[in-house]
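Each remark here refers to the structure printed beneath this line.
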Amino acid sequence: MVNVSKEKKIINIINNNDIRSKETSMLLEAQLKKYGYTISDEFNYNAELSICIGGDGAFLRAVHKHGFPYIPFIGVNTGHLGFFHEITPEKINTFVENYTKGKYKLEDIYLVEAIVCTRTSCMELVGVNEIVIKGIESKVIHLNVSIADNHLECFSGDGLIVSTPSGSTAYNLSAGGSIVYPALKTLQLTPLCPINSKAYRSLQNSAIIPDGMTIKVNPEYRDENTVLIVVDGKQFKYDNVVEVIFKLSDMTLRRLTLDSQDFWSKVRDRFI
Ligand code: NAD
């Protein structure tokens, strides 16, 4: 056994049901145990690290399931794109060695929060990539948008994406939004198929909103019952939605990085 401190260090390993993820999980567990780590059977909130094996979808589901824990996480990519993932299964031994030696950095991942108010109550939702407000059943939706309490537009179209910097390379990018460096504390408001005609005028491009400013969206009266809220790909339907207020969440996630690849190289390798 490798010489390490006697302190009992706990690590969470979360993997999806993919065969490659299960195999990687077993190899990783064996390697971590050699260095004296304990692998928790269930998600342990006292763990010093969470390792998520799978793709981006598996990572997003795990974060939501465990309530956005502030435990640092690192991803092992066995999925397709793996934008949240730092290492490949082939590199797990090097990772464990570097981790044990403290050769890593921690960076914050900013989250987006939406307070959804109906005529009777308000709910809070939190997203890692984005929160989308759109019409049900592909209906055009009409939304009054204010930023920092200044009325900006009455948007008409498919909907609006409010994305985090980390989520800027996901749905936001496909919708024509910009890539935002993850350390910038901003939100991005990106229109989904905005209508521009003699009847409706909507901004065609996305806007970057700094921390501390809220984005307030009030559906027009006729649309109060046709609003769909989609958080990181998961849909929520509420009746009589009168207001949705978006802001950067006070919570953050913590990503462990080994500096193996900088952000812009990752963008090049994944998208170009
Ligand atoms: P999923 O897991 O199949 O993910 C869809 C794609 O988005 C995958 O290729 C995934 O690798 C990629 N992705 C996820 N987060 C990313 C990020 N931060 N940067 C770059 N790529 C990222 O689908 P799901 O679990 O239903 O939804 C998860 C995410 O899918 C949503 O948060 C949303 O951003 C994205 N999405 C994208 C589109 C689109 O591009 N047209 C449409 C719907 C949802």
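Every number for a ligand or one of its atoms is a count from 1 in the order of the listing. What's counted below: heavy atoms across the whole structure, side chains too, no hydrogens, waters or symmetry copies. We count residues from 1, following the sequence as given. This is a predicted model, so every value here is computed, not measured.
- Heavy-atom proximity to atom 9 (O) of ligand 1, evaluated over Ile179, Ile109, Leu81, is greatest for Leu81.
- Distances from atom 38 (C) of ligand 1 to the heavy atoms of Phe271, Tyr171, Phe59 show the closest one on Tyr171.
- The closest approach between any non-hydrogen atom of Glu130 and ligand 1 is below 4.0 Å.
- In terms of protein heavy-atom proximity, atom 2 (O) of ligand 1 is nearest to Gly57 CA, 3.3 Å.
- Within the 4.0 Å heavy-atom shell around ligand 1 one finds Ser166.
- Listed by atom number, the atoms of ligand 1 under 4.0 Å from Thr169 heavy atoms are 17 (C), 18 (N), 19 (N), 20 (C), 21 (N).
- Applying the 6.0 Å contact sphere to NZ of Lys185 captures no more than 12 heavy atoms from other residues, nucleotides or ligands.
- Side-chain atoms of Asn15 and Lys22, non-hydrogen and from C-beta on, do get closer than 4.5 Å to each other.
- In this structure, atom 6 (C) of ligand 1 has no protein heavy-atom contact shorter than 4.0 Å.
- Here the side chains of Phe68 and Ile109 are not in contact, with every heavy-atom distance at 4.5 Å or above.
- The closest approach between Arg270 and ligand 1 stays at or above 4.0 Å for every heavy atom of the residue.
- The environment of NZ in Lys91 is sparse: at most 12 heavy-atom neighbours from other residues, nucleotides or ligands sit within 6.0 Å.
- Counting protein heavy atoms only, atom 13 (N) of ligand 1 is closest to Asp56 OD2, 3.5 Å.
- Scanning the protein for heavy atoms near atom 26 (O) of ligand 1, the closest one is Gly233 CA, 4.3 Å.
- Looking at heavy atoms from C-beta onward, Phe59 lies in side-chain contact with Cys52 at the 4.5 angstrom threshold.
- Qualifying disulfide bond (SG atoms under 2.5 Å apart) partners for Cys117, counting only residues two or more places apart in sequence or in other chains: Cys122.
- A salt bridge links Glu90 with Arg20: the closest approach of a Lys/Arg side-chain nitrogen to an acidic carboxylate oxygen falls below 4.0 angstrom.
- Using a 4.0 Å cut-off to heavy atoms of Arg61, the atoms of ligand 1 that qualify are 25 (O).
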